[in-house]
Amino acid sequence: MAARVALVTGGTGGIGTAICKRLAGLGHKVATNYRNQEKADAWQRQMQADGYQVALVQGDVGSPESAEALVRGVEAQLGPVDILVNNAGITRDTTFHKMTPQQWTEVINTNLNSVYNMTRPVIEGMRARKWGRVIQIASINGQKGQYGQANYAAAKAGMHGFTISLAQENAKFGITVNTVSPGYIGTDMVMAVPEEVRAKIVAQIPTGRLGTPEEIAYAVAFFIPEEAAWITGANLSANGGQYMGW
Ligand code: CAA
């Protein structure tokens with residue numbers, strides 16, 4: 001497989017780390033963003049100890065200016081971005097009748113506006129070079145809804161709406177745009193759900209367990225090679241059978 005430059009947002013998180021490792025392991029040059037210097041330094045030391053090189057560039061995906069500077073910083077270090085994985089995301093779970101404007105706005109900004117902020121500065125280069133991969137990490141809860149996640153489900157469903165529009169606009173330019181919709185994965189985000197609530201959710205998963213970050217990284221990597229050039233606008237569910245939309 002040709003070596004490409006990949007930018008994975010939120011790469012220091014649970015799923016993000018596994019995506020960085022998988023893409024680096026496939027020979028791609030990988031970069032991610034960070035906001036907290038101390039956390040990022042510790043993460044990079046661990047990645048190096050595990051045998052992976054990942055470039056770190058400071059930047060907030062929720063700000064258009066910061067996202068553009070982040071992309072230019074990655075280009076300066078590694079070259080033009082061929083693969084963008086929009087993975088950064090947060091939760092602010094609460095039932096809607098209690099949801100504050102801040103809980104709504106933070107989730108929409110970090111999870112959905114970020115997709116505009118990050119994709120806009122890379123798309124023209126991909127079109128000019130006639131090759132690109134844009135992959136959104138959405139969620140099972142964008143497909144089926146989730147009690148306590150009106151903000152998150154709206155953002156995640158919006159991400160796939162973005163995917164299927166951008167896929168149409170850019171198909172002629174050798175760019176594919178796809179979504180991976182993870183189910184419940186054993187990350188800090190899911191472990192923050194109260195234990196008794198989480199146990200009920202796991203009971204609804206046919207595989208009888210949470211997924212692993214590596215299982216999501218595998219789904220992301222699927223969309224990258226030349227053989228995947230015909231696959232665009234897809235929403236790939238990786239959820240242990242918890243939701244089987246079609
Ligand atoms: N369906 C129906 N009723 C439900 C329910 C459900 N799924 N979940 C909770 N309820 C009910 C409870 O039984 C309870 O009912 P009673 O009042 O009659 O006893 C009531 O809702 C509790 O409502 P409250 O508004 O008081 O809720 P709360 O403040 O206690 O907490 C919550 C609500 C924050 C939503 C909590 O239930 C929760 O954390 N749920 C999990 C949300 C979730 O799945 N988040 C995913 C995070 S991980 C992630 O997002 C990654 C990914 O992509 C999968």
Side-chain angles (χ1 to χ4, degrees), residues 8-20 22 32 61-62 84-115 118 134-164 178-223 234-246:
V8 180
T9 67
T12 62
I15 291 177
T17 299
I19 297 172
C20 288
R22 177 126 205 145
T32 189
V61 299
L84 172 65
V85 184
N86 282 310
N87 166 72
I90 59 168
T91 53
R92 296 287 182 268
D93 292 355
T94 182
T95 43
F96 183 71
H97 62 275
K98 296 182 195 164
M99 192 176 287
T100 63
Q102 191 179 1
Q103 287 169 322
W104 174 264
T105 304
E106 281 180 1
V107 169
I108 298 297
N109 195 51
T110 303
N111 299 11
L112 184 57
N113 292 342
S114 61
V115 171
M118 291 302 303
V134 180
I135 301 165
Q136 272 60 255
I137 307 300
S139 167
I140 184 176
N141 292 342
Q143 299 172 293
K144 71 167 185 54
Q146 171 60 37
Y147 197 104
Q149 285 202 309
N151 48 4
Y152 186 86
K156 294 297 187 179
M159 288 175 86
H160 189 58
F162 173 82
T163 288
I164 55 185
N178 290 288
T179 298
V180 174
S181 287
Y184 283 78
I185 310 301
T187 59
D188 291 348
M189 184 185 271
V190 167
M191 295 327 254
V193 173
E195 181 157 11
E196 66 285 4
V197 177
R198 207 172 59 237
K200 283 190 195 146
I201 291 169
V202 174
Q204 295 161 5
I205 306 176
T207 51
R209 63 169 176 88
L210 297 173
T212 66
E214 291 72 25
E215 287 170 324
I216 302 308
Y218 175 78
V220 171
F222 167 75
F223 288 117
N235 189 356
L236 178 54
S237 297
N239 61 32
Q242 190 187 349
Y243 179 77
M244 303 179 187
W246 58 289

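When a ligand or atom number is given, it counts from 1 through the structure's own listing order.
Within 4.0 Å of ligand 1, the residues that place a heavy atom are T91, D93, T95, K98, S139, N141, Q146, Y147, G148, Q149, Y152, G183, Y184, M189, V190, V193, P194, V197, I201, listed by chain and number.
Counting all heavy atoms, side chain and backbone alike, G62 lies closest to N109 at O-ND2, 3.0 Å. Considering all non-hydrogen atoms of both residues, Q143 and S181 come closest at OE1-CB, 3.5 Å.
Listed by chain and number, the residues in a salt bridge (Lys or Arg N to Asp or Glu O under 4.0 Å) with R198 amount to none (sequence neighbours excluded). The side-chain hydrogen bond (donor to acceptor under 3.5 Å, both in side chains) check on N239 picks up nothing, with sequence neighbours excluded.
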Under 3.5 Å donor-acceptor pairs involving side-chain atoms of residues 148-157, not counting sequence neighbours:
| residue | atom | partner | partner atom | Å |
| --- | --- | --- | --- | --- |
| Q149 | OE1 | N141 | ND2 | 2.7 |
| Q149 | NE2 | D93 | OD1 | 3.0 |
| N151 | ND2 | R92 | O | 3.1 |
| N151 | ND2 | Q103 | O | 3.1 |
| K156 | NZ | I137 | O | 3.0 |

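Atoms CD and CG, from Q136 and N86 in turn, are 5.0 Å apart once rounded to the nearest 0.5 Å.
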